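Just so it is clear, the model here is predicted, and its values are computed rather than measured. Read the numbers this way: they start at 1 and go in the same order the structure lists the ligands and their atoms. When a residue number appears, it is its place in the shown sequence, counting from 1.
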Amino acid sequence: MPLCSIEEIKALEILDSRGNPTLRVCIKACDRIACSSVPSGASTGKHEAFELRDGEKRLRGRGVKKAVENINEIITQALVGEEITNLRRIDETLKSIDGTPNKSKLGANAILGVSMAVARLLSELYGIPLYAALGGIMRRRLPTPLLNVINGGKHAGNSMSFQEFLLIPHGFSKFSEAIWASVEVYYTLKDIIKQKYGAIFTSVGDEGGFAPPVTDPNEALKLLHDAVTSSGYRVEDDFSFGIDAASSNFYNEKKGKYIVNNKELSIDELFELYHTFIESSSVRVIEDPFYEEDFGSFALITQEAKKLGAIIVGDDLLTTNINRLKKAIEERSVSAVLIKLNQIGTVSETVDFSSLAIYNGLKRIVSHRSGETEDTFIADLAVALGSEGIKTGAPARSERTSKYNRLLEIESELGIEATYAGRDLFRSGSSTP
Ligand code: PGA
Ligand code: ZN
């Protein structure tokens, strides 16, 4: 690659999938331009990097004009003329001009938009796909998708406490086979919901999953089970299930209790409930089972789940933050990590978080946010990191399907070299990406 310096950086306020403003950033060097867009969560962890919003009357305070200005003025001034060969160095510069521990001065959304656009531009300049630019030219494993087909919590208008019920097509030999089988199950699930609750409940939540009027998690799991078997597939052999409890959202800190299915549950009662899900309902993945400060209860359920062949994932617990991951490793709180770029705010810190997870034998699931854009960056990131899983919603709504479509494209480009993570997602021991 010739030596290239950044010539121009331009940010723009655009819409995310919920109609909220977010950022698109384009960067120019050596006559090439690359752009990236920033996602935004709804059930955010307390320890996430700071998302800068205007807080003014316009758009209910959600505008990102200050973040746009920070990019077009402060970041432009610092980076134009800088050589673009080293993403890590650019990320370091961004962090140092911000100068705060949680990126609250420039906004993690502003910093991330630039970091992602630089990564894309590097792949353009190298003339190789983004996954190869980020992860190396030997990358070839496609992640197991965890498709969020029943939405609850903060992502839907129903009264289900748990946020996500995930369909996991672990028993296929190719990513594309896994996706098309999941699509069949998604169609059947829609038919079942229509028949049971009425057509009105086949409209979808923020991540493309259905939001039936169900409060009992066992009923939601039964729907998944029936959808798989009625589609002609086998539970356990072909599909398993996952739950993102996102439990900080239904935890009452004062009482030390969780509100599930309109009942107050103690930690022990909730633990028991998870235990039955794993033992009797083919649940192999549970994310954020306890609230985001309870490393101890996470550790207990992680050890229990391990015996039963299931994994416990930290999302709000860890917020893609390496210091929180170090604590979780010390306390053996998780067997898997969720990876979200905008929780930490730069591509290189995200990669470092993933590396620490691999060294400690933890599974990795790259994730979208509930507020997404058409940017497919995370599909390439999952292949680059060799992550065992990817969570990017139901097989519906373009901001979700764009990621699946990009993975189908990568699989097709790799041809017979492509492999599929499948059961690696919960197989014990580390797996080769
Ligand atoms: P969020 O939800 O993007 O609204 O935070 C996703 C998740 O909790 O995994
Ligand atoms: Zn989550």
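- Within ligand 1, the atoms closer than 4.0 Å to a non-hydrogen atom of D315 are 7 (C), 8 (O), 9 (O), numbered from 1 in the order shown.
- At the shortest separation from atom 1 (P) of ligand 1 among protein heavy atoms lies S370 OG, 3.5 Å.
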Give the intermediate values and the outcome of salt bridge (Lys or Arg N to Asp or Glu O under 4.0 Å) for residues D226 and K222. CA-CA 6 Å; D226 292 350; K222 170 94 172 51; 2.9 Å; yes
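- Counting the atoms of ligand 1 from 1 in the order shown, those under 4.0 Å from a heavy atom of H155 are 1 (P), 2 (O), 4 (O), 6 (C).
- There is no side-chain donor-acceptor pair under 3.5 Å between T392 and R400.
- At a heavy-atom distance under 4.0 Å, no atom of D288 approaches ligand 1.
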Decide yes or no on salt bridge (Lys or Arg N to Asp or Glu O under 4.0 Å) for D380 and R406, but give the supporting numbers first. CA-CA 8 Å; D380 282 79; R406 174 65 187 141; 2.7 Å; yes
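- With ligand atoms numbered from 1 in the order given, ligand 1 contributes 9 (O) to contacts under 4.0 Å with heavy atoms of E287.
- When the options H368, R120, R24 are evaluated for a side chain to side chain donor-acceptor pair (under 3.5 Å) with D375, the one that passes is R120.
- Closest to atom 8 (O) of ligand 1 among all protein heavy atoms lies Q163 NE2, 2.9 Å.
- With sequence neighbours left out, the side chain to side chain donor-acceptor pair (under 3.5 Å) criterion links N102 to S104.
- Ring to ring, F290 and Y274 are close: their centroids are under 6.0 angstrom apart.
- Here the options are Y186, F165, F201, the test is ring-ring contact (aromatic ring centres under 6.0 Å, His included), and the partner is F210; only Y186 passes.
- Between the choices E372, R369, K340, the shortest heavy-atom distance to atom 7 (C) of ligand 1 belongs to K340.
- Listed by atom number, the atoms of ligand 1 under 4.0 Å from D244 heavy atoms are 7 (C), 8 (O), 9 (O).
- Residue L338 has at least one heavy-atom neighbour below 4.0 Å for each of these atoms of ligand 1: 9 (O).
- With sequence neighbours left out, Y404 forms a ring pair (Phe, Tyr, Trp, His ring centres under 6.0 Å) with no residue at all.
- No side-chain donor from either of H170 and E236 sits under 3.5 Å from a side-chain acceptor of the other.
- Interface atoms of ligand 1 facing E164, defined by a heavy-atom separation under 4.0 Å, are 6 (C), 7 (C), 9 (O).
- Between A42 and ligand 1, an N or O atom pair is found at a separation short of 3.5 Å.
- Two rings, from F241 and F277, have their centers 6.0 Å or more apart.
- Residue pairs meeting the salt bridge (Lys or Arg N to Asp or Glu O under 4.0 Å) criterion with at least one member in residues 262-278, sequence neighbours excluded: K255-E264.
- Looking at S43 against ligand 1, both its backbone and its side chain come within 4.0 Å, counting heavy atoms.
- Remark: R284 qualifies as a cation-pi partner of F426 under the 6.0 Å distance and 45° angle criteria applied to the six-membered ring.
- Among protein atoms, those of element N, O or S found less than 2.8 Å away from the Zn ion (ligand 2) are D244 OD2, E287 OE2, D315 OD2.
- Here is the list of ligand 1 atoms found below 4.0 Å of a heavy atom in K391: 7 (C), 9 (O).
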